[in-house]
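Working notes, beginning with the structure itself.
FYI, side chains are in, hydrogens and waters are out, and symmetry mates aren't considered; it's all heavy atoms of this structure.
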Amino acid sequence: MTYIEFLIRAKNQYNLHSPYVFNLYQQVLNTRLQRDKIGIVLSGKQHRIIYKIANTFRPHNVYIGTTAPSHIATIVVHATQHNVTIVSTPTLHTIDLAIINNIDEWKQISEHIGPQSIVLWLQPHKNSLAESQFATFVADNKVKVSLDMYHTAIAVFLPQLHKEHYMLR
């Protein structure tokens, strides 16, 4: 899907029917960062989303897939104010935040995802293979709500939520 096609199909906050998703969008994703207080340079929308999610939810155990750029860990550490354990292989502990790029990484960590976990999928529309893998991920029964923002997608696993997929501008 091209970015233009995505924009035509994508909705804004007024099309979010879930109060949880609406609040997540309004209070986290749609807020402005005060760049002078961050302490690092965030070069794009994807970096700002990662920073906002990590800063808001303050995860303790973060899985960063091997295909993710190395600077992602720096963003997470700054956002959580250094109170985080970055892992590259899943452990017995529940993963609070995972940053992945493909279905193989999802299969590797899916058993370590709990109801409070959040997964960020980087570049879900990079190519047709990435889109196919992302569609498989979204269809997984564990994924309750997915927010596709073209360059980054967010998955939430809270059991009280109904299964929904949103494409957001």
Is it the case that atom [atom1] in [X] sees more than 12 heavy atoms from other parts of the structure closer than 6.0 Å?
| X | atom1 | result |
| --- | --- | --- |
| Gln160 | CD | yes |
| Arg9 | CZ | no |
| Lys126 | NZ | no |

field: Worked verdict on Phe57 versus Gln116 for side-chain contact (heavy atoms from CB on, under 4.5 Å)
entry: CA-CA 10 Å; Phe57 293 98; Gln116 301 293 324; over 6 Å; no
Same cluster for [X] and [Y] if Ile/Leu/Val/Met/Phe/Trp/Tyr side chains link at under 4.5 Å?
| X | Y | value |
| --- | --- | --- |
| Tyr20 | Ile49 | yes |
| Leu168 | Met1 | no |
| Ile64 | Ile95 | no |
| Val62 | Ile154 | yes |
| Ile109 | Trp121 | yes |

Can you measure from [atom1] ([X]) to [atom2] ([Y]) and round to the nearest 0.5 angstrom?
| X | Y | atom1 | atom2 | answer |
| --- | --- | --- | --- | --- |
| Tyr63 | His112 | OH | NE2 | 10.0 Å |
| Leu120 | Leu147 | CG | CG | 10.0 Å |
| Leu97 | Ile113 | CG | CD1 | 8.5 Å |
| Asp140 | Lys107 | CG | NZ | 10.0 Å |
| Ser146 | Phe137 | OG | CZ | 7.5 Å |
| Thr136 | Ile103 | OG1 | CD1 | 5.0 Å |

message: Checking Glu5 now: which residues fulfil side-chain hydrogen bond (donor to acceptor under 3.5 Å, both in side chains) with it, not counting sequence neighbours?
response: Thr2
For [X], all residues meeting side-chain contact (heavy atoms from CB on, under 4.5 Å), sequence neighbours excluded:
| X | value |
| --- | --- |
| His151 | Tyr3, Gln123 |
| Thr67 | Asn101, Asn102, Glu105 |
| Pro69 | His71, Ile72, Leu122 |
| Val77 | His82, Val84, Ile86 |

Kindly indicate whether the side chain of [X], heavy atoms from C-beta on, has any atom under 4.5 Å from the side chain of [Y].
| X | Y | result |
| --- | --- | --- |
| Met149 | Gln46 | no |
| Val145 | Ser18 | no |
| Lys52 | Leu33 | yes |
| Asp148 | His165 | yes |

message: Which residues end up grouped with Ile4 if you chain together Ile, Leu, Val, Met, Phe, Trp and Tyr wherever their side-chain heavy atoms are less than 4.5 Å apart?
response: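 Same cluster as Ile4: Ile8.
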message: Suppose clustering is done on Ile, Leu, Val, Met, Phe, Trp and Tyr with side-chain heavy atoms closer than 4.5 Å. Which residues sit in the same group as Leu129?
response: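 Taking Ile, Leu, Val, Met, Phe, Trp and Tyr as members, Leu129 stands alone, with no cluster partners.
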query: Distance-only, no hydrogens or angles: does the Lys163 side chain make a donor-acceptor pair with backbone N or O of Val143 under 3.5 Å?
result: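 Yes, the answer is positive, given that a donor and an acceptor are paired below the 3.5 Å cut-off.
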Donor-acceptor pairs under 3.5 angstrom involving side-chain atoms of residues 21-30: please list them, not counting sequence neighbours.
residue: Asn23; atom: ND2; partner: Pro19; partner atom: O; Å: 3.3
residue: Tyr25; atom: OH; partner: Arg169; partner atom: O; Å: 3.4

Who passes ring pair (Phe, Tyr, Trp, His ring centres under 6.0 Å) against [X], sequence neighbours left out?
| X | answer |
| --- | --- |
| His125 | Phe6, Tyr150 |
| Phe157 | Trp106 |
| His60 | none |

- request: For the pair Asn61 and Thr94, evaluate side-chain contact (heavy atoms from CB on, under 4.5 Å) and give the outcome as yes or no after the intermediate values.
  value: CA-CA 7 Å; Asn61 296 315; Thr94 300; 5.8 Å; no
Closest non-hydrogen atom pair between Leu161 and Lys144, with its separation: O-CD, 3.5 Å
message: Tell me the closest heavy-atom pair linking Ala54 and Pro59, and the distance in Å.
response: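 Where Ala54 meets Pro59 most closely, the heavy atoms are O-CD, 3.4 Å.
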